[in-house]
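Reviewing the structure listed below.
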Protein chains: 2
Amino acid sequence: MVFDSRTGTGLRQRTVESIGYRIIDSTYPPGHRFSNQEDLSAELGVSRTVVREALGLLRDKGLIESRPKSGTVVADRRSWNLLDSDVLRWSIAARSAPTTLGHVAEVRLVIEPQAARLAARRRSDEAAAELRAQYDAMAASVSDFNRYIEADLAFHDAVFRAAANPVLAQMAETIRVALEGSRQVTVQVPGGPATTIEHHARVARAIQHRDEAEAARAMTELIEVSTSHLLRLLRPPDGDGRSGGGADPDPDG
Amino acid sequence: MVFDSRTGTGLRQRTVESIGYRIIDSTYPPGHRFSNQEDLSAELGVSRTVVREALGLLRDKGLIESRPKSGTVVADRRSWNLLDSDVLRWSIAARSAPTTLGHVAEVRLVIEPQAARLAARRRSDEAAAELRAQYDAMAASVSDFNRYIEADLAFHDAVFRAAANPVLAQMAETIRVALEGSRQVTVQVPGGPATTIEHHARVARAIQHRDEAEAARAMTELIEVSTSHLLRLLRPPDGDGRSGGGADPDPDG
DNA sequence: GTCGTTCATTGGTGATATCATAAGATTAGT
DNA sequence: ACTAATCTTATGATATCACCAATGAACGAC
C-alpha cells in the first residue's frame with residue numbers, strides 16, 4: 001500500500017495528489033510514459049476506476065495526455081495549468097519552490113497594487129470597515145506567527161474583495177495558495193511582521209481615503225519588502241541546505 | 001437521449017459541459033439540490049459512473065458540493081473557480097457575458113501592460129523576432145477577421161512569453177479563453193482591426209527597443225481601445241434587448 | 001430530550017464490453 | 001527480393017453494470 005492510513009481524505013484526491021506531485025517533482029518527467037491503468041491501479045493499490053478518474057483530473061490540469069494505444073504520458077511543462085491550486089501547491093512544495101515563488105512574487109507585484117488602486121476607487125463603506133478590521137486583527141496578532149499569516153492573507157483578500165471584480169478576486173485565490181505554500185518559510189523570518197505591519201496600515205489608510213495612487217504605491221512597497229524577505233530566505237547567500245524536510249506534499253495540513 | 005448524435009466528443013466531457021453550463025446559466029441556481037446520481041444518470045441517459053466522474057470534475061471546478069445522504073448541491077458563486085477555462089467559457093456564453101467580459105477587460109488592463117513592461121525588460125532576441133513575426137501576420141490578415149483574431153491572440157501570447165514568467169503566461173491562457181469567447185462579438189465591429197493594428201505596432205516596437213514605459217503605455221492604450229469597442233457592442237447605448245439569442249451554449253463550435 | 005437505528009446517497013471496487021489506434025503481418029507492385 | 005499499401009491484430013482507453021462500504025441525516029424508541 002502506497003498511501004498511509006489517512007482514510008478520511010478521499011481516495012481519488014489522494015491518488016491525484018500522489019501522481020500529480022510526482023509529475024511536478026519530475027519523478028515522472030515530461031514525456032514519461034506511465035504503465036497502463038491496470039498496472040497503475042495495482043502499483044497504487046486502488047481500483048482502476050479511481051486511477052481513471054484521477055487521470056482524468058490530472059489531464060484537466062494539463063499535466064498528462066492520454067491516447068489509446070500509446071498510453072498516458074506526462075505533458076510538456078508548457079501546457080501545465082500553473083493557476084490550478086493543486087498544481088501551484090505542488091510546484092511550491094517540490095524542489096522548484098524558489099523559482100516558482102519568485103514568479104508568483106512578480107505576479108503579485110503586477111496585480112496587487114492595481115487591485116489596491118481599484119479598491120481605493122470603488123470601496124464600499126462595509127469593505128473599508130472590513131479592511132480596517134483585518135488590519136486590527138493583524139496588529140493584534142503580531143506576536144503569533146500563524147495567526148499573523150492568517151490575518152495577513154485575510155487582509156489581502158479583503159483588498160481584492162473591495163476591488164469588486166470577481167475575476168480579479170479569483171486571482172487572489174491563486175496568490176493565497178502560493179502564500180500558504182510559503183507559509184512555513186515565511187514564519188521563520190525574525191521580526192518580519194513588525195516590518196510589514198506599517199505598510200499594511202498605509203495600504204488600509206489609502207483605500208479608506210480613496211487615494212488611488214497612494215494605495216498602489218503602498219501596496220507595491222509592501223510586496224517588495226515581504227518578497228525581499230522571502231527570497232532572502234529561499235536563496236541563502238552561501239547556499240546552506242534547504243529548510244528541514246522541505247518537500248513535504250502534505251495535502252491539507 | 002439528451003445529447004445529440006455527436007458521439008465523438010467523449011461522454012464524460014459532454015456531461016460536464018451539460019451540467020456545468022446549466023449551473024453557470026443559473027438553470028440550477030446556487031443551493032439547488034440535484035436529484036441523486038442514479039436519477040441523474042437516467043435523466044441524462046448516461047451511466048451512473050459517468051455522472052459520478054462528471055460530478056467529480058465539477059466539484060473540482062468549485063461549482064458543486066456533494067455530501068453523502070444530503071446529495072449534491074450547487075455551490076455558492078463565491079467558490080466557483082472563475083479561472084478555470086470551462087467555467088470562464090460558460091460564464092461568457094451564458095447571459096452574464098457583458099459583466100464577465102467587463103471584468104476580464106479590467107483584469108487585462110491590470111496585467112497586460114505590466115507583462116509588456118517585463119517583456120521590454122527581458123526579451124530575448126528570439127522573442128523579439130517572434131513578436132515581430134506575429135505582428136506581420138496580423139498586418140497581413142487585417143481583412144480576414146478570423147485569421148486576424150487568431151494572429152491577435154498569438155501576438156498577446158508572444159508578449160507574455162517574452163516576459164519569461166510561466167505563472168504570468170498562464171494568465172495569458174485565461175485571457176485567451178475569455179477573448180475566444182468574445183470572438184463572435186468582436187468580429188462584428190466594423191473597422192476594428194484597422195484601429196488597433198497601429199497600437200500593436202507600437203507595442204512591438206517598444207518591446208523591441210527595450211522601452212519599458214512606452215511598452216506599458218502602448219499596451220494600455222491598445223487594450224482601452226479594443227475594450228471600448230467591445231463594451232460598446234455589448235452594452236448598446238439605449239439598452240435595447242441583449243444581442244440576439246446570445247446565450248448559445250454551443251460547446252466548441 | 002437524548003441516543004440508537006435505519007436507510008438513502010455518495011464513495012469505491014471489479015468485471016466486462018466496446019471502440020479507437022498504432023504496430024505488425026500480409027500481399028501486391030516494381 | 002524489396003518496398004509500399006492495405007488488412008489484421010492486439011493493446012489500451014472509454015463506457016456500463018452490479019455490488020459493497022462508509023456516512024450522516026432523519027426518525028423513532030426510550
Side-chain angles (χ1 to χ4, degrees), chain A residues 1-20 23 28 31-75 79 251-252, chain B residues 1-20 23 28 31-75 79 251-252:
Chain A
M1 192 67 96
V2 170
F3 300 118
D4 30 331
S5 53
R6 301 175 47 193
T7 32
T9 326
L11 201 44
R12 183 186 52 204
Q13 201 52 38
R14 273 189 298 162
T15 308
V16 169
E17 202 77 27
S18 168
I19 301 178
I23 291 176
Y28 306 134
H32 170 85
R33 210 183 116 174
F34 285 103
S35 38
N36 64 37
Q37 298 184 347
E38 212 164 52
D39 292 351
L40 260 186
S41 92
E43 290 170 25
L44 296 170
V46 299
S47 81
R48 208 171 86 83
T49 307
V50 169
V51 171
R52 207 174 99 76
E53 288 183 6
L55 255 32
L57 247 358
L58 255 13
R59 192 181 33 188
D60 208 61
K61 296 180 192 300
L63 295 186
I64 61 175
E65 286 164 12
S66 42
R67 298 199 312 278
K69 182 66 182 178
S70 45
T72 300
V73 299
V74 176
S79 61
D252 30 11
Chain B
M1 192 67 94
V2 169
F3 300 119
D4 32 330
S5 53
R6 300 173 49 194
T7 32
T9 325
L11 200 46
R12 183 185 52 205
Q13 202 52 39
R14 273 189 299 163
T15 308
V16 169
E17 202 76 28
S18 168
I19 302 177
I23 291 175
Y28 305 133
H32 171 86
R33 211 184 116 173
F34 286 102
S35 39
N36 64 36
Q37 298 181 346
E38 211 163 53
D39 291 352
L40 261 185
S41 93
E43 290 170 24
L44 296 170
V46 298
S47 78
R48 196 172 89 91
T49 307
V50 170
V51 171
R52 223 166 78 77
E53 288 184 9
L55 255 32
L57 248 357
L58 255 13
R59 191 181 34 186
D60 205 63
K61 296 181 192 300
L63 296 185
I64 60 175
E65 286 165 12
S66 42
R67 297 198 313 278
K69 180 64 183 183
S70 45
T72 300
V73 300
V74 176
S79 61
D252 30 11

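Remember, it's a predicted structure, so these values are computed and weren't measured experimentally. We name chains A, B, ... by the order of the sequence lines, and we start the count at 1 in each one. Only this structure's heavy atoms are used, side chains among them; waters, hydrogens and symmetry mates stay out.
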- Task: Using whole Å, report how far CZ of B:Arg33 lies from P of D:dA25.
- Result: 11 Å
- Among the nucleotides C:dG11, D:dA13, C:dT9, which one has an atom lying closest to any side-chain atom of A:Asn36? D:dA13
- Task: Check the distance between D:dA15's C1' and B:Leu57's CG and give it to me in whole angstrom.
- Result: 15 Å
- Query: Which nucleotide, D:dT14, D:dG24, C:dT10, lies nearest any side-chain atom of A:Arg48?
  - Reply: D:dT14
- Closest to the A:Leu11 side chain: D:dA25, D:dT16, C:dT13? C:dT13
- Note on the structure: Separation of C:dG11 atom P from B:Asp60 atom CG, nearest Å, is 13 Å
- Expressed in angstrom and rounded to an integer, what is the separation of A:Ile64 atom CD1 from D:dG12 atom P? 16 Å
- Task: Give a yes/no on whether any side-chain N or O of B:Arg14 is located under 4.0 angstrom from OP1 or OP2 of D:dA15.
- Result: no
- Message: Among C:dT13, C:dG11, D:dT14, which nucleotide has an atom closest to any side-chain atom of B:Ser66?
- Response: C:dG11
- Message: Checking the side chain of B:Thr15 only, and the main-chain atoms of B:Leu11 only, is there a donor and an acceptor separated by less than 3.5 Å?
- Response: yes
- Message: Please report the distance, rounded to the nearest Å, between CD in B:Glu53 and C1' in C:dT13.
- Response: 13 Å
- Which of the following nucleotides, C:dT13, D:dA15, D:dA25, is nearest to the side chain of A:Arg52? D:dA15
- Query: Whole Å only: how far is the CD atom of B:Gln37 from the C1' atom of D:dT16?
  - Reply: 15 Å
- Note: for B:Thr49 and B:Glu38 on DNA chain C, the residue whose nearest nucleotide lies more 5' is B:Glu38
- Report the distance from atom CG of A:Leu55 to atom P of D:dA13, rounded to the nearest whole Å. 8 Å
- Report yes or no: does A:Arg67 contribute a side-chain atom to a donor-acceptor pair with the main-chain N or O of A:Val73 at less than 3.5 Å? no
- Item | Least distance between heavy atoms, B:Lys69 atom then B:Arg33 atom | O-NH2, 4.4 Å
- Note on the structure: From CD of A:Gln13 across to C1' of C:dG11 the rounded distance in Å is 13 Å
- Looking only at side-chain atoms of B:Arg67, point me to the closest of C:dT10, D:dA15, D:dA25. D:dA25
- Message: By nearest atom, which of the nucleotides C:dT13, D:dA25, D:dA13 is closest to the A:Thr72 side chain?
- Response: D:dA13
- Nearest of C:dT13, D:dA15, C:dA8 to any side-chain atom of B:Val50? D:dA15
- Item | Spacing of A:Asp39 atom CG and A:Asn36 atom CG [to the nearest 0.5 Å] | 4.0 Å
- Query: A:Ile19 and A:Phe34: side-chain contact (heavy atoms from CB on, under 4.5 Å), yes or no, with the steps?
  - Reply: CA-CA 10 Å; A:Ile19 301 178; A:Phe34 285 103; 3.9 Å; yes
- Query: Which one, D:dT14, D:dA25, C:dG14, comes nearest to the side chain of A:Ser47?
  - Reply: C:dG14
